[in-house]
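Here is the structure we will look at.
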Amino acid sequence: MTTGFALDHRTVEIGGHTMAYVDEGAGTPVLHVHGNPTWSFYWRSLLTTLPDDGFRAIAPDHIGMGRSDKPALADYPHTLARRVADLSAFVEHLDLDGPLHLVVHDWGGPIGLSWAAEHLDQVDRIVVLNSAAFPLPADKRIPWTLQAARLPVVGDVLVRRFNAFSLGALALGSGRPWLGAEARRGLLEPYDSPEHRVAVHAFVQDIPTGPADPAHPVLVRLAERLPELDTHPVQVHWGMKDPVFDETILRHLVAHLPHAEVHRYPDAGHYVLEDAADRIVPRVRRFLTAGR
């Protein structure tokens, strides 16, 4: 592959669609759940190191993302509830019935944490990177860039035809002036045509701004269950230059998870694992290893 992402991928049928995933190493599973517009490539710094600590590092690509099937809008619902159901089916298929560790980023937070909240006995330690687990707070507004991407016609042209969301994320998602060449190629690679960007656009449209949106009750339910997740060891890594998951969102997250171990990275953006892998990876490895 042109990305240098040399890890093999496997496939499984989930809900009539092929889901691709990376599965490296042996031992306690560490399930990585990505957001939008990324894929398992985003987790490569952890996927290649956690097996050295005796962990089984697993990272699925959501349907429509990465190396998974990319169905048309009419052939897949592209909703938060369906993503959570797909993750549950994926965990069940891999027979990950023992306590596993969970690592989430961006929309992978609502997906992975919603699954975890309903399967508390299957989860041990949790790592959260620039994400949210509750409806949009009253003191937070969606940036105009996301609002534009959500518009029915304009958003379709911008996101699907011109790939503006993925390209914009490269520029706005880093605390650096520009991500390195490997990261740029890797993050963009699966989304090389309008047909392959359906899920990217649908993810943005699914962001709830009010109670009438389909994802809203899922996030309400998750927020209600967060105190139960707070009984688990939680580690948070936060790029403070994130224009969306900013300090306001972090403050609300910490209020929901008051016992979490929090690490702030003033020089990092939304793609915090790209900006600060040299600091995050050792901390995650120590945190997960301490659970033995």
Side-chain angles (χ1 to χ4, degrees), residues 1-24 31-48 57-80 82-83 86-87 90 103-109 111-112 129-131 149 155-174 178-207 270-274 277:
M1 297 181 65
T2 58
T3 61
F5 187 49
L7 298 179
D8 292 333
H9 72 279
R10 310 179 189 190
T11 60
V12 60
E13 291 297 311
I14 300 292
H17 300 284
T18 299
M19 177 180 283
Y21 65 100
V22 173
D23 193 340
E24 295 287 315
L31 179 62
H32 301 73
V33 186
H34 72 82
N36 183 42
T38 58
W39 56 296
S40 54
F41 171 84
Y42 179 75
W43 300 116
R44 65 196 182 284
S45 58
L46 289 169
L47 296 174
T48 56
I58 302 168
D61 293 336
H62 301 303
I63 301 299
M65 313 291 284
R67 296 164 172 166
S68 293
D69 278 354
K70 297 179 177 62
L73 197 61
D75 299 325
Y76 183 80
H78 297 280
T79 62
L80 176 56
R82 177 58 181 267
R83 300 291 184 189
D86 285 351
L87 184 65
F90 175 78
V103 186
V104 300
H105 174 245
D106 186 77
W107 263 111
I111 297 168
L129 289 75
N130 285 69
S131 185
D156 187 70
V157 172
L158 290 173
V159 177
R160 293 189 60 187
R161 183 174 179 184
F162 295 109
N163 206 21
F165 189 75
S166 296
L167 290 169
L170 294 183
L172 300 176
S174 175
W178 200 249
L179 287 173
E182 177 189 294
R184 295 199 307 270
R185 287 195 303 268
L187 292 170
L188 291 176
E189 185 179 87
Y191 312 117
D192 56 357
S193 70
E195 294 75 22
H196 290 170
R197 300 168 192 152
V198 172
V200 173
H201 189 205
F203 254 117
V204 178
Q205 291 179 312
D206 196 40
I207 297 172
H270 179 66
Y271 287 150
V272 60
L273 192 55
E274 298 290 346

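Computed from heavy atoms alone, side chains included, the values below leave out hydrogens, waters and symmetry copies.
Closest approach of Pro190 and Lys70 over heavy atoms only: O-CE, 3.4 Å. In this structure, Arg82 and Gly15 approach most closely via the heavy-atom pair NH2-O, 3.4 Å. Looking at every heavy atom in both residues, Val200 comes nearest to Ser166 through CG1-OG, 4.2 Å. The two residues Gly64 and Ser68 come nearest to each other via the heavy atoms N-CB, 4.4 Å. For the pair Pro60 and His34, the tightest heavy-atom approach, listed with the atom from each and the gap, is O-CD2, 3.2 Å.
For the residue pair Asp106/His270, the side-chain donor-acceptor check at 3.5 Å is satisfied. Of the N and O atoms on the side chains of Asp61 and Ser40, at least one donor lies less than 3.5 Å from an acceptor on the other residue.
Going from atom OH of Tyr76 over to atom CG of Asp69 covers 10.5 Å, rounded to the nearest 0.5 Å. In this structure, CD in Glu274 is found 8.0 Å from CD in Glu182, a value given to the nearest 0.5 Å. Note that NE2 of His201 and OH of Tyr191 are 15.0 Å apart. Values are rounded to the nearest 0.5 Å. If you take CG on Asp86 and CZ on Arg83, they are separated by 7.0 Å, rounding to the nearest 0.5 Å. Distance CG/Asn36 to CE/Met65: 4.5 Å, rounded to 0.5 Å. Here the OG atom belonging to Ser174 is positioned 4.0 Å from the CG atom belonging to Leu179, to the nearest 0.5 angstrom.
Two residues are said to be in side-chain contact when any heavy atoms from C-beta on lie closer than 4.5 Å; Pro37 and Arg197 fail this criterion. At least one side-chain heavy atom of Val33 sits under 4.5 Å from a side-chain heavy atom of Leu87. In this structure the side chain of Tyr21 never reaches within 4.5 angstrom of the side chain of Ile14, judged on heavy atoms. Taking 4.5 Å as the limit, some side-chain heavy atom of Phe5 sits within range of a side-chain heavy atom of Val22. Under the 4.5 Å side-chain criterion, counting only non-hydrogen atoms from C-beta, Val198 is in contact with Arg160. Residues Leu31 and Phe90 meet the side-chain proximity criterion, which asks for heavy atoms closer than 4.5 Å. Contact annotation: the side chain of Phe165 never approaches that of Leu158 to less than 4.5 Å [non-hydrogen atoms, C-beta and beyond].
Aromatic ring centres of His32 and His105: separated by at least 6.0 Å.
Using a 30° and 60° split on the angle between ring planes, Phe41 and Trp39 fall in the parallel class, below 30°. In this pair, Phe203 and Trp107 present their aromatic rings tilted. The plane angle is within the 30 to 60° band.
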* Could you go step by step and tell me if Arg161 and Asp156 meet the side-chain contact (heavy atoms from CB on, under 4.5 Å) rule? -> CA-CA 7 Å; Arg161 183 174 179 184; Asp156 187 70; over 6 Å; no

* Given the rule in the side-chain contact (heavy atoms from CB on, under 4.5 Å) test, do Val104 and Ile111 qualify, once you have shown the distances and angles that lead to the verdict? -> CA-CA 8 Å; Val104 300; Ile111 297 168; over 6 Å; no

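Listed for the Tyr42 side chain is a donor-acceptor partner under 3.5 Å among the backbone atoms of Leu273.
Ion pairing between a basic and an acidic side chain is recognised when a charged N comes within 4.0 Å of a carboxylate O; Glu24 and Arg10 show no such pairing.
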